[in-house]
Amino acid sequence: MNLSEGSAESKKEFPNKSLLLALCAACIGGTFQYGYNISVINAPTVYVHNFINQTWIDRYQTDISEDVLTLLWSTIVSIFTLGGLIGASIGGTLSVKLGRKGTLLTNNIFALIAALLMGLSYPTGLFELLIIGRLLTGMNAGIGICVQPLYLGEIAPTAFRGFMGMGTSIFITIGILTGQVMGLKELLGREEYWPILLSTTCIPAFLQLLILPCFPESPRYLLIDKGDYEGCKKALKQLHGTAGYEGEQEDIEKEKNNLIGFKSKKPWELFADRSVRWQLLTIFLLNAAQQLNGINAIYFYADYVFKQAGIPDDKIPYATVGSGACECLTALTCGLLIESLGRKVLITGGYTLMSICCILFTLTLTFQDASPVFPYLSMACVFAFILSFGLGPGGVTNILTTELFTQTSRPAAYMIAGSVNWLSFFFISMVFPFIVIGLQQYCFLVFLAICSLMAMYIFLVVPETKNKTFLEIQSVFNSTSNRKPSSVDGSGTTLLATSI
């Protein structure tokens, strides 16, 4: 008896190999693309400027004005966020119609077309193709960051849902790091290679098209949305192993029975449902704060801080790669800690540490010229802030979006969360330069307020979700927030309050 219990416990210590491979297959064409396309555009900035200027001269026999050049470059960079917003707004609907896996596979069409257009922009002399290509990469990233966490959260056993959910942030950071490395001069960072560099977004798409078909559709989608018991059972056996799938199937069946008569909700229906108003407020704040917490400001100031610390200009890209590696390692660490420490501890602790870093960074930037020590202290603050972000908000936000909702509400919740995230991304990219001009280093006091308020909100409002089923989380969240109590039927199945 003891031996069998020991073997059962050992199996719970690490996910099934098939589950880990499914995670990699989903992420390589999902959030990896998001991270990759955010960072890969930085390296060829000067070369694309030269290309646009030369194309303009060839067309109009005159140099392009500085304002028009800046406008075109800003459009190429920022239209990625517009594409992301479009992708996030349609991702949830596609995930219901095509399935989670089907949507991820279909999504690669955008990446392949984008790679083709951006690769052809230089030989055809059409910089407009870069704008269209970046719009399509944004749509690919928007759909991926909406649907991939949905898929991972639904294929994961309860005991490993946090670990699996961390795949989202881990592959975002791997994508950012890969984009930084590919942009080094030793690889594709030279002027003659920039069209190839931008078109490498096709590689993750091809990899996902080759690997992901080997893995099943989400078992929850198959049973709850499609009523396919056999398909669900087969998927669970492949993902969880033949010995440990029964318990997960029971949980899915309980959720299905609880949701009889309910169809997948639209975002506007979710806003009208008073039973999930606190969950909606939570994901709204979490996703807005993920972009507005100062992480973009840290990367903006990183080059300046590295210069002040005495790092030569030609070596700064390698220091930037170091910061990307730092965030990547932190995401991996968070993945290892999330099931032992829990979501609430990590995200509250992350925002608290970021608040402290904001204070210290403001002080070190203010006294930058007072002593040779302060530039190095500023550099330490950069890495400390990145570590704090990766340890909490960077990794846990997407997991909570999955866990706070049941099957019929989850796609709509991801559409709302994704739209808020992308709108916040666009807002900060437009407003941040003016904040820096107006407040200079004191801009971090704004981020201090955001991080501190988020830490307080999570501590007071958001319950711990570790090792709980989706129904248990909803019940705990309702009772924690002093809402209408849940009722329980004779079989022990929680009946959620659904007053509209």
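Quick caveat, the model's predicted, so the values are computed rather than measured.
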Fill in: side-chain contact (heavy atoms from CB on, under 4.5 Å) between Tyr151 and Thr103, worked out
CA-CA 10 Å; Tyr151 179 70; Thr103 302; over 6 Å; no
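- The two residues Leu150 and Ser95 come nearest to each other via the heavy atoms CD2-OG, 3.6 Å.
- By the ring pair (Phe, Tyr, Trp, His ring centres under 6.0 Å) test, Phe32 is found to be paired with Tyr36, residues two or more places apart in sequence or in another chain being considered.
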List the atom pairs, with distances to 0.1 Å, where a side-chain N or O of residues 381-391 and a protein N or O form a donor-acceptor pair under 3.5 Å, not counting sequence neighbours.
residue: Ser388; atom: OG; partner: Ala384; partner atom: O; Å: 2.8

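- Phe447 is linked by a ring pair (Phe, Tyr, Trp, His ring centres under 6.0 Å) to Phe444, counting only residues two or more places apart in sequence or in another chain.
- In terms of the side chain to side chain donor-acceptor pair (under 3.5 Å) criterion, residue partners of Gln148 (sequence neighbours excluded) are, by chain and number, Thr31, Thr168.
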Practice prompt. Could you walk me through whether Phe405 and Leu270 pass the side-chain contact (heavy atoms from CB on, under 4.5 Å) test, one step at a time?
Written response: CA-CA 10 Å; Phe405 295 89; Leu270 212 56; 4.2 Å; yes
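- Around the OH atom of Tyr47, the shell of radius 6.0 Å holds more than 12 heavy atoms that belong to other residues, nucleotides or ligands.
- Note that the CD1 atom of Ile450 and the CG atom of Asn293 stand 7.5 Å from one another [nearest 0.5 Å].
- No donor-acceptor pair under 3.5 Å is formed between the side chain of Tyr442 and the backbone N or O of Thr362.
- Between the CG atom in Leu184 and the CE atom in Met182 there is a gap of 10.0 Å [rounded to 0.5 Å].
- Leu20 is listed as a side-chain neighbour of Phe163, based on a closest heavy-atom distance under 4.5 Å.
- Remark: Ile131 CD1 to Leu72 CG distance equals 6.0 Å, nearest 0.5 Å.
- Counting only distance, with no hydrogens or angles, the side chain of Arg161 and the backbone of Ala156 share no donor-acceptor pair below 3.5 Å.
- In this structure a side-chain-to-backbone donor-acceptor pair under 3.5 Å is present from Lys344 to Val462.
- Atom CD1 of Ile359 and atom OG of Ser452 lie 7.0 Å apart (nearest 0.5 Å).
- In this structure a side-chain-to-backbone donor-acceptor pair under 3.5 Å is missing from Lys266 to Ala412.
- No side-chain heavy atom of Gln33 sits under 4.5 Å from any side-chain heavy atom of Asn107.
- For Val40 against Pro44, the heavy-atom pair with the smallest separation is O-CD, 3.2 Å.
- Judged by distance alone, the side chains of Asn398 and Ser169 never bring a donor and an acceptor atom under 3.5 Å apart.
- Of all heavy-atom pairs between Thr348 and Ala455, the closest is CG2-O, 3.8 Å.
- In this view, Arg220 and Glu248, Glu255 satisfy the salt bridge (Lys or Arg N to Asp or Glu O under 4.0 Å) rule, not counting sequence neighbours.
- For the atom pair CG (Leu23) and CE (Met166), the distance works out to 10.5 Å, reported to the nearest 0.5 Å.
- Using modelled atom types, one finds a donor on one side chain and an acceptor on the other under 3.5 Å when comparing Tyr457 with Thr282.
- No side-chain heavy atom of Phe426 sits less than 4.5 Å from a side-chain heavy atom of Leu82.
- Using a 4.5 Å heavy-atom threshold, the side chains of Met354 and Pro393 count as touching.
- Residues Ser218 and Lys101 form no side-chain contact, since every pair of their non-hydrogen atoms from C-beta on lies 4.5 Å or further apart.
- Using a distance-only test at 3.5 Å, with no hydrogens or angles considered, a donor-acceptor pair links the side chain of Arg134 to the main chain of Ile76.
- When side chains are defined from C-beta on, Val181 does not count as touching Thr178, because their heavy atoms never get closer than 4.5 Å.
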Fill in: Derivation of the side-chain contact (heavy atoms from CB on, under 4.5 Å) call for Thr465 and Ile399
CA-CA 10 Å; Thr465 59; Ile399 297 170; 5.6 Å; no
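- Under the 3.5 Å distance criterion, the side-chain polar atoms of Thr397 are left unmatched by any main-chain donor or acceptor of Gly394.
- The shortest non-hydrogen separation linking Leu177 to Ala325 is CD1-N, 3.6 Å.
- Within a 6.0 Å radius of CZ in Phe427, other residues, nucleotides and ligands contribute 12 heavy atoms or fewer.
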Discussion item. Run the side-chain contact (heavy atoms from CB on, under 4.5 Å) test on Val147 and Leu94 for me, step by step, so that the C-alpha distance in whole Å, both residues' side-chain angles and the decisive distance to 0.1 Å come before the verdict.
Written reply: CA-CA 9 Å; Val147 180; Leu94 289 175; 5.8 Å; no
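- Phe160 and Glu339 get closest at one heavy-atom pair: C-OE2, 3.4 Å.
- In this structure, the side chains of Leu377 and Leu360 stay at 4.5 Å or more apart for every pair of heavy atoms.
- Each of Thr406, Thr408, Asp273 was compared with Lys265 under the side-chain hydrogen bond (donor to acceptor under 3.5 Å, both in side chains) criterion, and only Asp273 meets it.
- No donor-acceptor pair under 3.5 Å is formed between the side chain of Ser371 and the backbone N or O of Phe374.
- Between Leu136 and Ala114 the shortest heavy-atom distance is CB-CB, 3.8 Å.
- Residues satisfying the ring pair (Phe, Tyr, Trp, His ring centres under 6.0 Å) test with Phe425, not counting sequence neighbours, are Trp422.
- For the residue pair Ser424 and Gln290, no side-chain donor N or O sits within less than 3.5 Å of a side-chain acceptor on the partner.
- The shortest distance between side-chain heavy atoms of Cys24 and Phe171 falls below 4.5 Å.
- Summarising the geometry, atom CG belonging to Leu280 is positioned 12.5 Å from atom CZ belonging to Arg274; distances are rounded to the nearest 0.5 Å.
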